[in-house]
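Just so it is clear, the model here is predicted, and its values are computed rather than measured.
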Amino acid sequence: QVQLVESGGGLVQAGGSLRLSCTVSSIGRISIASMEWYRQAPGKQRELVATLSRDGTTDYADSVKGRFTISRDNAKNTVDLQMNSLKPEDTGVYYCGVLGRARYWGQGTQVTVSS
């Protein structure tokens, strides 16, 4: 019913920036309660990085607060994650998530930050 396709991952130096984008498509109209970005580092559990609720409220993990910004573009049907001042510990696979009738996941995109 819902498909999420991510783009924008890659390799950057510490202190650099990346912008991830997730295109949301569905069969028919759906009601979306929130959009999220998650990440998973090797050997670690998946963690919630950023949330954008239907009313525009945002929330961030303490580790990324002040550096990452989640936003949506209704014209493009995307949810984006602007990542600034990247650190090596930000390295991991980043996943887009959308909460509607259920939570839907993207395929993940690799982000690697060199030291």
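- For Arg19, the CZ atom is densely surrounded, since the number of other residues' heavy atoms within 6.0 Å is greater than 12.
- Looking only at side-chain heavy atoms (C-beta outward), Gln110 and Thr91 come within less than 4.5 Å of each other.
- With hydrophobic clusters built from ILVMFWY side chains whose heavy atoms lie under 4.5 angstrom apart, Leu48 shares a cluster with Val93.
- Side-chain contact of Ser53 with Asp55: a donor-acceptor pair under 3.5 Å is absent, judged by distance alone.
- Residue pairs satisfying the ring pair (Phe, Tyr, Trp, His ring centres under 6.0 Å) criterion with at least one member in residues 12-51, sequence neighbours excluded, are listed as follows: Tyr38-Trp105.
- For the side chain to side chain contact (heavy atoms under 4.5 Å, CB included) test, residues two or more places apart in sequence or in another chain that qualify with Asp62 are Lys65.
- Around CZ of Arg103, the count of heavy atoms belonging to other residues, nucleotides or ligands within 6.0 Å exceeds 12.
- Between Ser85 and Ser17, the shortest heavy-atom distance links the atoms N-OG, 4.3 Å.
- A heavy-atom distance below 4.5 Å is found between the side chains of Ile70 and Val79.
- Interatomic distance, Asp59 CG to Ser34 OG, rounded to the nearest 0.5 Å: 11.0 Å.
- Taking hydrophobic clusters as Ile, Leu, Val, Met, Phe, Trp and Tyr residues chained together by side-chain heavy-atom distances below 4.5 Å, Val12 shares a cluster with Met83.
- Taking CG of Leu20 as the start and OG of Ser7 as the end, the distance is 8.0 Å to the nearest 0.5 Å.
- Closest approach of Phe68 to Tyr60, counting heavy atoms only: O-CE2, 3.3 Å.
- Atom-to-atom distance recorded for Thr51:OG1 and Met35:CE is 12.0 Å, nearest 0.5 angstrom.
- Expressed to the nearest 0.5 Å, how far CZ of Arg46 lies from CZ of Arg39 amounts to 13.0 Å.
- Under 3.5 Å, the side chains of Asn84 and Gln82 contain a donor-acceptor pair of N or O atoms.
- Residue pairs that meet the disulfide bond (SG atoms under 2.5 Å apart) test with at least one member in residues 69-115, sequence neighbours left out, are Cys22-Cys96.
- A side-chain donor-acceptor contact under 3.5 Å links Glu6 to the backbone of Gln107.
- In this structure, Lys87 and Ser63 have side chains that are not in contact, with every pair of non-hydrogen atoms separated by 4.5 Å or more.
- Considering all non-hydrogen atoms of both residues, Leu52 and Ser71 come closest at CD2-C, 3.9 Å.
- Under the 4.5 Å side-chain heavy-atom criterion for ILVMFWY residues, no single connected hydrophobic cluster contains both Leu81 and Tyr95.
- The minimum heavy-atom distance between Arg72 and Arg54, with the atom names listed, is NH2-O, 3.4 Å.
- Counting all heavy atoms, side chain and backbone alike, Asp80 lies closest to Ser21 at OD1-OG, 2.9 Å.
- Under the 4.5 Å side-chain contact rule for hydrophobic residues, Leu99 and Tyr104 do not share a cluster.
- Partner of Leu11 under the side-chain contact (heavy atoms from CB on, under 4.5 Å) criterion, out of Val111, Val113, Thr112: Thr112 alone.
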